Structure formats: C-alpha cells, structure tokens
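Counting starts at 1 for both ligands and their atoms, in listed order. From a predicted model like this one, the values you see are computed outputs, not experimental measurements.
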Amino acid sequence: MATGSGRYLRYILFAVFGITIIYFISTSSLPSYAQPLTSGTAFSWERPGESTPSSSTNEIDDSIHLPQTTSVVESSQSEETTTPNVIPTIPSELSPPAPGERINATFITLARNTDIWEIARSIRQVEDRFNRNYNYDWVFLNDKPFDETFKKVTTSLVSGKTHYGEIPVDHWSFPPWIDQKKAEAVREDMRRRKIIYGDSVSYRHMCRFESGFFFRHPLLQQFEYYWRVEPSIELFCDIHYDPFRFMKENKKKYSFVLSLYEYVETIPTLWDSTKKFIKAHPEHISPDNSMGFLSDDGGDTYNKCHFWSNFEIGNLDWLRSKPYIDFFETLDKDGGFFYERWGDAPVHSIAASLLLRKDEIHFFNDIAYYHVPFTHCPTGEDVRRKLRCHCNPADNFDWKPYSCTSRFFDLNKLKKPEGWETQV
Ligand SMILES: Nc1nc2c(ncn2[C@@H]2O[C@H](COP(=O)(O)OP(=O)(O)OP(=O)(O)O)[C@@H](O)[C@H]2O)c(=O)[nH]1
Ligand SMILES: [Mg+2]
C-alpha cells in the first residue's frame with residue numbers, strides 16, 4: 001500500500017512540475033516586440049523587441065547604451081532593411097581623467113623589442129587598473145633601438161605620452177677595470193652550478209644598469225618619481241588613488257609590495273663591499289635606518305632580505321643624490337656585478353635601508369601584484385572586495401617563511417593587517 005500511494009504522489013508531482021514549465025514558457029519567453037528601434041536611436045544591450053522581465057533579479061541597467069552603430073527598421077514601417085553595423089565607433093577617451101593635480105612622475109620599463117607582447121600585457125593591466133584615469137607618461141629604455149612595432153603597440157596602449165630611449169654604451173658594458181678572463185671563468189662556473197642567469201652577460205648588464213644608471217638617462221631627468229613595470233606582471237586590484245601623490249605627500253622615497261631572501265650564491269661578497277662603504281661614508285648612513293631589516297646581528301652579516309625591485313615606486317632625486325651614487329660606485333669598483341651576479345634588488349634594498357629614514361620606505365598593501373613566481377594579494381577581505389581584486393588570497397606570499405615582509409612590519413612597529421595569521 002505504502003509503495004502504491006508513493007507512486008501516485010510522484011505522478012502528481014511530475015504533472016504539476018510539467019504544467020508549471022509549460023506555463024512559464026508560454027508566458028515569459030515570447031518576444032513582445034514592445035520597443036522597436038528606429039534609425040537614429042542608440043543601440044541597447046536588449047535585442048530589438050525584447051524587453052527585460054521586470055521581475056528578474058538580475059537587474060540589467062538599460063540606460064547602458066553603446067554609441068550609435070546599429071539601426072534596425074521594422075519592416076512594417078519601411079521596405080528598407082539595414083544590416084547592423086558590426087564595426088563599432090571607437091571612442092576617443094575610455095574614461096574621464098581623475099580630478100586633482102598630477103605629480104612629476106613616469107612609468108619606466110626596460111625592455112627588448114622581443115618583449116613587446118609581454119610588456120603589452122603589463123601595460124594593459126596598469127592602464128585598466130590605474131593609469132587610464134591618470135594618464136601618466138611612460139619611458140621605455142633599451143640597449144638597442146626600439147623597432148616600429150614596439151613603438152606603435154605601446155603608444156596605442158599608454159594613455160599618457162610615451163618616450164623611447166637608447167642606453168649609452170658605457171651604461172651597458174664592462175667598465176675598464178673588470179678583468180674579462182676572471183668574469184668569464186665566473187660565468188662558466190655558475191653555468192656548471194646551474195645558478196639562474198649565472199652564465200648570462202646581458203643579465204649582468206641589466207642588473208648593473210638598473211642599479212646605477214637608469215635614473216641618469218636623459219629622458220628621466222625631467223621626472224621626480226618613477227614606477228617600474230616589467231613584462232608579464234599582473235595587477236589584481238583597482239588602484240583607487242594616485243600612488244605617486246601618496247609618495248610625494250607622505251615624503252616617501254622608496255616602496256615595495258614583495259620582499260624575500262636573495263640566493264646567496266649570487267652575492268657572496270656584496271655585504272663586504274657594503275661594510276666598506278659604511279666605513280668610508282658614515283655621513284651617508286641615516287641615523288634612523290633599517291639595518292634591522294638587513295641584518296640580525298647589528299650589521300656584521302647580511303640576512304639576504306631585499307625588496308623585490310621588479311615592482312618599485314621611488315624618488316629619482318634620491319637615486320641621483322650623492323649618497324646613492326657613492327654607494328653604487330663603491331660596489332661597481334669592487335666588480336661584483338661581473339665577478340658574482342649582484343642583482344639590482346639587493347642593491348636598491350641595501351641602499352634604501354641604510355641611506356633612508358625608516359619612515360621613507362613604504363609597503364603598498366593595496367597594490368596587488370604578480371611577477372613570476374610570487375604574488376602579493378592584499379591581506380583583508382574587506383580591502384580585496386572594495387578594490388575588486390581577482391587574486392586568490394591563498395597565493396599571498398607576504399607572511400610565508402621565505403618573505404621578509406613580517407620583519408619589515410616588526411621593525412617599523414606596524415600593525416599587520418587583520419587575517420595575516422591565517423596565511424602563514
Ligand atoms: N633592453 C634589454 N632589456 C632587458 C635585457 N634583459 C632583461 N631586460 C629587461 O630587464 C628587466 C628584468 O629582466 P627579466 O628578464 O624580467 O629578469 P628577472 O625579472 O630577474 O627574471 P624573470 O623571471 O625572467 O622575469 C625586464 O624589464 C626585461 O625586459 C636585455 O638584454 N636588453
Ligand atoms: Mg622580470
């Protein structure tokens with residue numbers, strides 16, 4: 001008996017369900033042709049004659065209109081039928097510039113012609129998330145002349161002015177005091193030990209250029225602040241204010257989003273050269289420096305912590321100042337860019353930590369960033385939601401053991417963002 005009545009109940013349920021479906025189809029899905037578009041009206045996201053069901057919970061803003069590209073004329077009104085134009089008109093401006101003053105600042109990219117599509121991706125991200133509203137300039141530098149494709153594509157993507165410069169030969173070559181045989185033997189040894197970029201000459205020129213020369217290029221003389229952008233980076237969140245302006249108004253000279261430990265094999269004697277500089281130029285060392293970020297024993301040894309310089313927003317006048325130039329020249333004379341493989345990240349980081357006051361270095365929690373293989377995804381759900389971030393918080397590197405960002409927070413007595421403990 002129980003089985004029989006159960007079966008009847010199922011039949012009834014199926015019947016009710018079927019009738020509901022038929023009713024729904026017959027009442028809701030038939031086009032009403034209520035609003036024919038005539039020539040001269042704007043194209044709407046609604047298909048002609050289709051009206052948005054008012055009961056729908058997905059509210060479509062039918063005030064969104066594209067520029068006039070389509071005209072559909074009802075056959076009852078005219079014999080003439082026009083084919084919809086599939087080529088939209090191109091707006092001259094994607095969005096209006098943000099109000100307020102601009103800082104004397106530029107984006108800066110060092111790249112080869114072959115980097116074009118990777119840097120195009122980066123530019124697009126920077127423009128979409130920030131610069132389309134601010135229109136800052138962009139300086140491109142190369143050790144060879146940029147080709148037409150590079151210039152054409154980048155000019156079309158950047159909302160500000162673009163500038164293209166070639167690097168002077170003596171900023172991208174071996175200085176005369178370098179022993180070529182010794183440098184070659186080092187490269188061969190690093191190749192055998194499989195040290196990343198260990199056998200590359202061009203990588204060494206790049207690191208030396210980024211350490212000591214980019215800010216001296218004639219194209220950068222006119223600017224006070226720079227924001228470095230590398231190929232194939234990602235920005236995961238909207239940038240809802242002007243970071244250049246933040247830097248200037250808060251007297252910041254250097255900033256970062258990611259920090260980590262350097263491969264010791266690439267910098268075995270960098271700290272010896274640094275200590276030589278400290279001894280020779282005590283007048284350049286800031287009384288309120290960040291030695292605690294670099295060393296766990298008061299400066300005797302280097303703990304390898306550095307800010308990851310493929311992202312940086314900084315002050316060019318600081319890099320052009322005597323303390324920084326004296327620091328770079330001490331290192332350059334010791335030859336470690338070629339006899340080892342010193343990177344510009346530890347060089348900039350040691351300089352910022354020793355020459356600047358603690359409060360002149362800034363950590364941008366709200367600039368969400370990726371450069372292979374590390375991600376900075378802002379800690380704090382509220383921030384991520386408000387900034388429309390698309391990064392996975394689980395990928396955030398900030399509080400992992402191989403990051404030095406916790407050390408930066410502790411040294412500066414900063415309160416870590418809520419939720420950091422869950423990402424360790
Ligand atoms: N003009 C020029 N630019 C270079 C050269 N080598 C590297 N660069 C640029 O210098 C910057 C750093 O080089 P990358 O190859 O990204 O070095 P990296 O970030 O340490 O390593 P990746 O993991 O490969 O990104 C990038 O903006 C490159 O486009 C070169 O030989 N000539
Ligand atoms: Mg890179």
Side-chain angles (χ1 to χ4, degrees), residues 106-126 138-151 153-154 157-158 162-174 183 187 190-191 194-220 226-235 256-267 270 304 306-314 319 336-338 340-349 369-376 397 402:
T106 183
F107 289 94
I108 162 85
T109 291
L110 171 68
R112 297 155 284 215
N113 287 312
T114 50
D115 292 322
I116 179 58
W117 299 112
E118 285 72 31
I119 195 61
R121 276 176 51 198
S122 300
I123 296 170
R124 188 72 224 198
Q125 305 244 350
V126 171
W138 207 303
V139 172
F140 295 92
L141 298 178
N142 190 352
D143 56 309
K144 310 239 163 43
F146 280 113
D147 62 26
E148 282 312 307
T149 305
F150 191 99
K151 290 196 226 171
V153 172
T154 51
L157 293 172
V158 175
T162 48
H163 311 259
Y164 302 89
E166 219 178 311
I167 297 167
V169 174
D170 56 334
H171 293 181
W172 194 278
S173 50
F174 292 94
R187 294 198 298 275
M190 286 197 176
R191 189 187 61 75
K194 294 190 168 46
I195 292 171
I196 185 168
Y197 299 119
D199 61 345
S200 170
V201 173
S202 65
Y203 194 84
R204 285 181 169 80
H205 288 320
M206 181 274 285
C207 291
R208 179 171 176 261
F209 175 76
E210 293 285 21
S211 298
F213 297 104
F214 82 91
F215 45 85
R216 302 192 228 194
H217 193 280
L219 284 177
L220 286 163
Y226 72 101
W227 179 334
R228 175 168 165 183
V229 178
E230 283 208 1
S232 298
I233 60 126
E234 281 193 63
L235 289 185
F256 71 102
V257 288
L258 283 159
S259 70
L260 69 159
Y261 294 94
E262 180 60 298
Y263 302 119
V264 66
E265 292 88 350
T266 65
I267 51 153
L270 176 59
K304 322 293 183 300
H306 64 283
F307 308 120
W308 214 27
S309 62
N310 48 64
F311 168 98
E312 53 188 15
I313 303 176
L319 292 173
F337 291 106
F338 300 102
E340 296 179 4
R341 207 222 64 195
W342 294 351
D344 53 276
V347 172
H348 287 187
S349 306
Y369 177 81
Y370 171 81
H371 175 294
V372 65
F374 299 114
T375 296
H376 163 65
F397 183 68
Y402 209 68

Which protein N or O atoms sit under 3.5 Å from any N or O of ligand 1? Give each pair with its distance.
from: ligand 1; atom 1: 1 (N); to: Ala111; atom 2: O; distance (Å): 3.0
from: ligand 1; atom 1: 1 (N); to: Asn142; atom 2: OD1; distance (Å): 2.9
from: ligand 1; atom 1: 1 (N); to: Asp143; atom 2: OD1; distance (Å): 2.8
from: ligand 1; atom 1: 6 (N); to: Arg112; atom 2: NH1; distance (Å): 3.2
from: ligand 1; atom 1: 16 (O); to: Glu230; atom 2: OE1; distance (Å): 2.9
from: ligand 1; atom 1: 19 (O); to: Glu230; atom 2: OE1; distance (Å): 3.1
from: ligand 1; atom 1: 19 (O); to: His371; atom 2: NE2; distance (Å): 3.1
from: ligand 1; atom 1: 20 (O); to: Tyr203; atom 2: OH; distance (Å): 2.5
from: ligand 1; atom 1: 21 (O); to: Tyr197; atom 2: OH; distance (Å): 3.2
from: ligand 1; atom 1: 24 (O); to: Tyr197; atom 2: OH; distance (Å): 2.3
from: ligand 1; atom 1: 25 (O); to: His371; atom 2: NE2; distance (Å): 3.1
from: ligand 1; atom 1: 27 (O); to: Leu110; atom 2: O; distance (Å): 2.6
from: ligand 1; atom 1: 29 (O); to: Leu110; atom 2: O; distance (Å): 3.1
from: ligand 1; atom 1: 29 (O); to: Asp115; atom 2: OD2; distance (Å): 2.9
from: ligand 1; atom 1: 32 (N); to: Asp143; atom 2: OD1; distance (Å): 2.9

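- Side-chain rings of His205 and Phe337 stay apart, their centers remaining 6.0 Å or farther from each other.
- Of all protein atoms, those of element N, O or S that lie under 2.8 Å from the Mg ion (ligand 2) number 2.
- Of all heavy-atom pairs between Gln125 and Arg121, the closest is CG-O, 3.0 Å.
- For the pair His348 (side chain) and Glu210 (backbone), a donor-acceptor distance under 3.5 Å is present.
- Summarising the geometry of Thr154 relative to Phe150, their closest heavy-atom pair is OG1-O, 2.6 Å, with the distance given to 0.1 Å.
- Residue Ile313 holds its CD1 atom at 7.5 Å from CZ of Phe107, rounded to the nearest 0.5 Å.
- Ring geometry for Phe397 versus Phe374: interplanar angle of 30 to 60°, hence tilted.
- Between the side chain of Arg341 and the main chain of Tyr203, no donor-acceptor pair closer than 3.5 Å is present.
- Side-chain N or O atoms of Arg204 include one that pairs as donor or acceptor with a backbone N or O of Glu340 at under 3.5 Å.
- How far CG of Asn310 is from CD of Glu230: 4.5 Å, rounded to the nearest 0.5 Å.
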